[in-house]
Amino acid sequence: MNGAGRRRIGTEWFGSVAVLCALIALWWVASNAGWVSRVFLPTPQATFASLLEGLNLSDANGNGELLAFTQATVGRMVQGWLLASLFGVVLGAAIGVSPAVRAWVQPTLEFIRPLPASALLPLAISIFGLNPGMVLFVVAFGAMWPVLLATVHGFAAVEPRLSEVARCLQMSRAAFVWKMGLPNAMPDILAGMRLALTIALIVAVVGEMIASQSGLGQAILLAARAFRASDLFAGIVLLGLIGFVSNALLAFAEKRLLRWQQP
């Protein structure tokens with residue numbers, strides 16, 4: 001990377017940090033000046049104290065449960081995302097590699113895709129009951145669609161001449177999918193997986209709230225009902241950190257996997 005590129009990245013990072021600091025400063029002023037009641041908007045220092053207290057496993061008073069809630073939510077998010085990615089890629093490849101199958105299945109996919117996963121929670125509860133498996137199913141279902149549709153698009157956009165080369169080489173359908181289709185569809189698949197990871201986190205939190213499963217969603221809901229604003233904001237901060245870190249890790253992995261595309 002040349003000097004101009006490094007300066008541009010440095011400027012972007014500086015701008016991002018400046019905006020974040022400005023928002024925290026506005027939050028501090030609004031809460032400490034009494035613009036909003038502290039019952040609804042705690043101070044940043046109270047939120048930070050609740051965050052440290054909730055993550056302290058060594059506390060003899062029983063605190064540290066926020067870390068257990070975080071682990072439960074991250075576990076549901078990651079498991080649902082992995083299941084969604086697996087089924088999304090497999091089904092998307094099967095659909096995208098065949099124009100006839102795409103023509104038959106596409107209307108059904110477009111009909112089901114807009115359905116919000118949270119709207120299926122009552123149905124999932126009636127089928128699976130109030131248990132962790134139900135929440136995992138809904139998370140995987142909601143997060144599967146970005147991966148599935150991105151995979152279908154990636155395979156459908158494969159250069160037609162590659163299909164001709166595969167026929168000349170007498171490649172099997174499985175060999176074509178693995179050696180030609182998948183590398184060409186990988187940018188779309190990874191983009192869909194990044195979006196699916198965000199959806200998995202959102203659906204996991206909503207599922208915990210509705211199904212009363214242990215996790216950050218339940219912790220935030222209970223804190224809101226008890227008017228513990230600092231605990232509520234601590235949970236929200238944790239959710240933001242989880243989303244930021246997971247997206248950054250996946251962006252790094254995407255950059256490494258797609259190095260062959262870079263000039």
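- Under the 4.5 Å side-chain contact rule for hydrophobic residues, Leu222 and Leu66 do not share a cluster.
- The nearest pair of heavy atoms linking Ala234 to Thr47 is N-CG2, 3.7 Å.
- Note that the CZ atom of Phe69 and the CG atom of Leu216 stand 8.5 Å from one another [nearest 0.5 Å].
- Taking each heavy atom of Ile199 and Pro146 in turn, the nearest pair found is CD1-CG, 3.4 Å.
- Under the 4.5 Å side-chain heavy-atom criterion for Ile, Leu, Val, Met, Phe, Trp and Tyr, Ile24 and Val237 are members of distinct hydrophobic clusters.
- You'll find the side chain of Val36 stays beyond 4.5 Å of the side chain of Ser31, heavy atoms only.
- No donor-acceptor pair closer than 3.5 Å links the side chain of Thr73 to the backbone N or O of Thr70.
- Applying the side-chain hydrogen bond (donor to acceptor under 3.5 Å, both in side chains) test between Glu208 and each of Gln218, Gln213, Arg76 identifies Arg76 as the sole match.
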Step-by-step side chain to side chain contact (heavy atoms under 4.5 Å, CB included) determination, Val105 to Val152: CA-CA 11 Å; Val105 177; Val152 171; over 6 Å; no
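- The two residues Ala223 and Asp231 have their closest heavy-atom pair at CB-CB, 4.0 Å.
- Residues Asp188 and Thr151 fail the side-chain proximity criterion, which asks for heavy atoms closer than 4.5 Å.
- Looking only at side-chain heavy atoms (C-beta outward), Val139 and Met77 stay at 4.5 Å or farther from each other.
- Interatomic distance, OG of Ser85 versus CG of Leu148, reported as 11.5 Å (0.5 Å rounding).
- Taking CG of Leu182 as the reference point, atom CE of Met180 lies at 13.0 Å (rounded to 0.5 Å).
- Rounding to the nearest 0.5 angstrom, the gap separating the CG atom in Leu190 from the CG atom in Leu195 is 13.0 Å.
- With hydrophobic clusters built from ILVMFWY side chains whose heavy atoms lie under 4.5 angstrom apart, Val203 does not share a cluster with Leu86.
- Under the rule for a ring pair (Phe, Tyr, Trp, His ring centres under 6.0 Å), the partners of Phe128 that lie at least two apart in sequence or sit in another chain are Phe137.
- The closest side-chain heavy-atom distance from Val206 to Val138 is not below 4.5 Å.
- At least one side-chain heavy atom of Trp35 sits under 4.5 Å from a side-chain heavy atom of Leu26.
- Here the straight-line distance linking atom OG of Ser37 with atom CZ of Phe227 works out to 10.0 Å at 0.5 Å rounding.
- Evaluation of the ring pair (Phe, Tyr, Trp, His ring centres under 6.0 Å) rule for Phe233 yields Trp27 as partners, not counting sequence neighbours.
- Within the structure, every pair that satisfies the ring pair (Phe, Tyr, Trp, His ring centres under 6.0 Å) test and touches residues 141-167, not counting sequence neighbours, is listed here: Phe141-Trp145.
- Within the 4.5 Å cutoff, the side chain of Asn32 has heavy atoms near those of the Arg38 side chain.
- Rounding to the nearest 0.5 Å gives a distance of 5.5 Å between CG of Leu55 and CG of Leu238.
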Verdict with supporting geometry, Leu197 and Asn247, side chain to side chain contact (heavy atoms under 4.5 Å, CB included): CA-CA 8 Å; Leu197 190 60; Asn247 182 73; 5.7 Å; no
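- Leu201 places none of its side-chain heavy atoms less than 4.5 Å from the side chain of Ser246.
- One hydrophobic cluster holds both Val101 and Leu149 under the rule that ILVMFWY side chains link at heavy-atom gaps under 4.5 Å.
- Under the 4.5 Å side-chain criterion, counting only non-hydrogen atoms from C-beta, Met193 is in contact with Ile189.
- In this structure a side-chain-to-backbone donor-acceptor pair under 3.5 Å is present from Thr43 to Ala46.
- Using a distance-only test at 3.5 Å, with no hydrogens or angles considered, no donor-acceptor pair links the side chain of Ser230 to the main chain of Pro42.
- Among Ile127, Leu123, Ile125, the one residue that satisfies the side-chain contact (heavy atoms from CB on, under 4.5 Å) test with Met134 is Ile125.
- Ser98 places no side-chain N or O within 3.5 Å of a backbone atom of Ile95 that could act as its donor or acceptor partner.
- Connection of Leu91 to Leu83 is established within a shared hydrophobic cluster, with ILVMFWY side chains joined at heavy-atom distances below 4.5 Å, either directly or through further cluster members.
- Between Ser214 and Ala72, the shortest heavy-atom contact is O-CB, 3.5 Å.
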